[in-house]
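Please read the structure below before turning to the comments.
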Amino acid sequence: MSGQTKMFGEKAFDLLKELERSSQTIPAFDDDGVRQVLEEIKAIFEENVAQASTYNASGDRSLWPLLNFRHAALQRNKRCLLAYLYERCKRIKALRWEFGPIIPGDIKQALCEPEVTFFNNYSKSLAAYMCSAGYNQGLPIDLTNNLRPPKSLYIEVRCMEDYGKFELDDGEVIHLKKNSQHYLPRAQVESLVRQGILHHIA
Amino acid sequence: MFVQDLRNDFYRQLVGKRILIVVNYDIDAICASRILQALFKYDHMLYTVVPIMGVTGLKRAYGEHQGDVKYVVLVNCGGCVDIVELLQPAEDVTFFICDSHRPLDVCNIYSDRQVCILGDASLEENIPAFETIFYDSDGEDDEEDESSDPEQQHNDSGAGESDQEDEAPRSRKLSRLERHEQRVLKQRARRQWESERDRIMFEYTQFSYYGRSAALMVFELAWKLSKDNMDLLWWAIVGITEQLLLGKIESGSYTLELEQIQSHVSRLTNKTNDQNTMSASKITFENDLHLVLYRHWPVTESMRYSRYSSCQLKLWTLRGEKRLHELLLEMGLPLVHARQTYGAMDLVLRKEFFSMVERLAEKYDIADIVYGTFTLSYGYRSRYAAADYVYALLAIMESVKKHKTPEDCFLEASDALSRQHKQLLSAGIDQAKLLHAAVFRQVQSSLEARQVHSAGSFFYYVLQEEHAFFSYPYALGLLARFLLRGHVATSRARQAPDLPLIASCPLDAAEGMCLLVGVVPVREDSPRNFFGKAFEQAAQKSGVALLQDFFEPAVVQLRQSDLTRFLDALTVLLT
């Protein structure tokens, strides 16, 4: 049988390889693969239990290495599964920092139910932490801004559409008109850049 | 008012302020504005850059930002129009003009505070003295009052006591006569002064020409601020090369500027200690050939599409083609190599190409093909002559399409200047190839069909249909200059090299407007162009509505239907 020629632990390893190789931020949860690995673990375990009981009964030392080998394979499968889940959790955490508290629709489809719950919980605790980290009470710090320190306080932007007047904190009024180029404080125009009204020129 | 000390009187004034930079549509201006932006970035000054085309654009741009900004820098625009009258700015707004167009408007020159022209007053030619063109109107009014008041008194007194003092009225009468005489004299003097002023002003504004490259001027400011680097220098070089290629600078003054730039080049090369060939940019001075984009094109194509070599060898004719082959033969350049892209040519041939052409230049009457210029190299593959940049940017700037406004083109050209956007530049080079090939084909067909007509004192050439390339001022200018040279090369008339050419191309079929460009005669080395003034006067005489919106005075727009009437008037005016 072809199934018999396969080595123990191969499926679990494939699972990890798939995850590592995928170019998406987070690939769909491989339900089938996980189930197969679990089945394999179960099969190994049952075989081991059966042989262990005969070993106990007969005291046949020749079974001893086989038992140990099966146990190692079982442990490896477990480790692989855990690594798979852990890596996905890590990516989900990164997701929170990158995309904010709401998961984009296409990514949400790739997650399984418990992962979504994990995300929500993580999001909640992060929000709670950000609230408590604010120096003056009631004003939470958004830690997800500026993940990398900005190179300069000002950025060069190009206006993509007619926006009209835009007032800076210091009272300067800037007329944002399509195709004009400006040099403005980063912090104040960041939201406009996100909205696509301004385009950051590298 | 001229501002000579750019560091103290221009830059220091601006530090920490918010600035509006208004940039004209030309490459020199783009380069200058890029250098300015780099400077302002160093000092964290907020700025806004607005590209404009023509006087209406300037008015609109200023109108939109009016009230928000107090300092406006005009790059390559506005020097030749009376800024204060045109824009009606508030008292506290200051304009700094960095313009290479000449002659400068006298009101700008004599403005005492609001308008500052960057540059050296002593370098400017024959600016009329203040007294000769501005009349002190206040003093005149006073005198009028004085002269009228006594008269009034005299009339009153004369009615009451005429028979009493007999001598006094006589003397008064005398003086009245004298006064009258004086007034007549004064009026005559005034009229004389006025006609003298008109003469002076006419002489001053008769020719339009160009001063120093704006980019170079701004680069020198950067140098004085010790904020210069290789990139800024390269932009300045591109700016001045544009002036050379578009005939905005005399070859003599170009050579003078070259020396200065060379010293900047060697200074900056020694200063940078980046020895890594991959990342270091290097500018080198070298003698190069006046061949369009030859580093990116097959040699035969480049020779054919270059104005100078093409016209000297008459490459649009069959005989010219033979002569080109003869030249290649004598150079020892196999046709296989000459017909493939320069970059794919044999390395040995590539290395010797310049010397091969130089050796034979004299014999084939293309001696002027050699000129001094700079090349930029970075990495292993990128090597560009300043002229390559200019042609590519020109092509990008005029690549207006349906979904691509002129502003988009401007910004793209400005992006293509920086090294990070190499793909934009190579796209521009491809575009430039198309443009030059189109110019050549147009010249060939027009010369064969004898479409260049003589009007006695100038040639004219009228394109009948809208054209994808030539409906834009720079491309039409390129075409006109190529055409004039080609026509002169084939014409037997002796005075042909001394005659200028006017080319016209319809702009927009729906509106019926057409573009008119006047270029200087072939023999003329200086960029002095009298067409700006001549167009204006011809329009006045013939009553044609002329749209002199561009900052290049020799580029105008008018109604297609008025064209013949306008040309007739121009013929009368210039003979």
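Quick note on labels: first sequence line is chain A, next is B, and so on, each numbered from 1.
- Ranking B:Arg18, B:His65, B:Gln37 against chain A, the residue ahead of the rest is B:Arg18, based on heavy-atom pairs under 4.5 Å.
- In this structure, B:Arg419 is not positioned above the aromatic face of B:Tyr384 in the sense of NZ or CZ being under 6.0 Å from the six-membered ring centre and within 45° of the axis.
- Of the atoms belonging to B:Ser418, not a single heavy atom falls under 4.5 Å from chain A.
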Step by step, work out the side-chain contact (heavy atoms from CB on, under 4.5 Å) result for B:Tyr378 and B:Met230. CA-CA 11 Å; B:Tyr378 56 94; B:Met230 278 291 191; over 6 Å; no

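- Within residues 38-49 of chain B, the residues that have a heavy atom under 4.5 Å from a heavy atom of chain A are B:Phe40, B:Lys41, B:His44, B:Met45, B:Leu46, B:Tyr47, B:Thr48, B:Val49, listed by number.
- When only modelled atom types and interatomic distance are considered, B:Asp26 and B:Asn24 share a side-chain donor-acceptor pair under 3.5 Å.
- Other residues, nucleotides and ligands contribute at most 12 non-hydrogen atoms within 6.0 Å of the CD atom of B:Glu511.
- Neither the backbone nor the side chain of A:Lys178 has a heavy atom closer than 4.5 Å to any heavy atom of chain B.
- B:Phe95 and B:Tyr62 have their aromatic ring centers within a separation under 6.0 angstrom.
- With a threshold of 4.5 angstrom between heavy atoms, A:Ile174 approaches chain B through its backbone and through its side chain.
- Annotation: ring-ring contact (aromatic ring centres under 6.0 Å, His included) contacts of A:Tyr55 (sequence neighbours excluded): A:Trp64.
- Contact of the A:Phe119 side chain with the A:Lys108 side chain is not registered, since no non-hydrogen atoms from C-beta on lie closer than 4.5 Å.
- Judged purely by distance below 3.5 Å, without hydrogens or angles, the side chains of B:Thr405 and B:Asp408 pair a donor atom with an acceptor atom.
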